[in-house]
Amino acid sequence: MGSGLGGVLTHLANVRPDGRYIGVEAAPLPFFWSWLRIRLGSHRNCRVKWGSLWDCDLSQYDVVFAYLSPVPMGKLWHKARAEMRPGTMFISSTFTVLDQAQHETVQVDDLHHSTLFIWHM
Ligand SMILES: C[S@@+](CC[C@H](N)C(=O)[O-])C[C@H]1O[C@@H](n2cnc3c(N)ncnc32)[C@H](O)[C@@H]1O
């Protein structure tokens with residue numbers, strides 16, 4: 001959700017080619033950049049949609065990953081709870097959901113030392 005320049009998508013497509021990855025990005029330039037990146041990289045197991053995450057039906061995904069901002073997290077949590085299937089996973093990088101204790105956290109060894117907040121739905 002908010003797949004930006006497509007770095008997460010293309011990385012996952014490379015390291016876990018057995019998965020299928022779909023990004024959604026609202027901003028035209030990052031969308032176009034990621035679309036080109038996927039096309040030039042010949043990634044057959046990922047694609048990106050131009051549009052708003054609020055129009056996505058989350059019921060079709062096993063894992064939903066978001067890296068957004070603190071502002072939409074409450075609304076996104078309610079959407080995820082309403083649409084995601086039991087046994088699936090909701091992951092937010094950096095921004096947690098107020099009053100919703102996560103089930104796991106993972107510290108990532110990346111540039112920003114990001115924290116992943118993970119909920120099992
Ligand atoms: C913090 S950036 C993260 C980019 C990327 N996921 C990454 O890991 O580098 C958040 C991205 O979410 C996008 N975004 C914000 N609101 C959105 C919405 N309602 N629908 C789709 N994308 C959205 C922004 O345009 C931006 O590219």
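Atoms within each ligand, like the ligands themselves, are counted from 1 in listed order.
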Any atoms of ligand 1 less than 4.0 Å from a non-hydrogen atom of [X]? List them with their elements.
X	result
Val8	8 (O)
Trp54	19 (N)
Gly51	20 (N), 21 (C)
Ala27	25 (O)
Ser52	19 (N), 20 (N)

Provide, to 0.1 Å, the distance between [atom] and the closest protein heavy atom, together with that atom's residue and name.
atom	value
atom 4 (C) of ligand 1	Gly2 O, 3.5 Å
atom 26 (C) of ligand 1	Glu25 OE1, 3.6 Å
atom 15 (C) of ligand 1	Leu68 CD2, 4.0 Å

Kindly check if the number of other-residue, nucleotide or ligand heavy atoms within 6.0 Å of [atom1] ([X]) is above 12?
X	atom1	answer
Asp18	CG	yes
Arg39	CZ	no
Leu29	CG	no
Asp99	CG	no

- Query: Of all residues at least two apart in sequence or in a different chain, which pass the ring-ring contact (aromatic ring centres under 6.0 Å, His included) check with His120?
  - Reply: His103
N or O contact, [X] vs ligand 1, cut-off under 3.5 Å:
X	value
Tyr67	no
Met1	no
Ala26	yes

Of the side chain and backbone of [X], name the one, both, or neither that has a heavy atom under 4.0 Å from an atom of ligand 1.
X	result
Ser3	backbone
Leu53	both
Leu5	neither

Exercise answer: donor-acceptor pairs, residues 30-38 side-chain atoms, under 3.5 Å, sequence neighbours excluded:
| unit_1 | atom_1 | unit_2 | atom_2 | d |
| --- | --- | --- | --- | --- |
| Ser34 | OG | Pro30 | O | 3.1 |
| Ser34 | OG | Phe31 | O | 2.8 |
| Arg37 | NH1 | Leu5 | O | 2.9 |

- With hydrophobic residues grouped by side-chain heavy-atom distances under 4.5 Å, do Val48 and Leu40 end up in a single group? yes
- Query: Within less than 4.0 angstrom of ligand 1, does Ala66 place any heavy atom?
  - Reply: no
- Point-to-point distance, once rounded to the nearest 0.5 Å, from OG1 of Thr94 to OH of Tyr67: 4.5 Å
- Task: Find the distance between NZ (Lys49) and CD (Glu25) and round it off to the nearest 0.5 Å.
- Result: 14.0 Å
- Query: Would a distance-only check, ignoring hydrogens and angles, find a side-chain to backbone donor-acceptor pair under 3.5 Å from Lys79 to Cys56?
  - Reply: yes
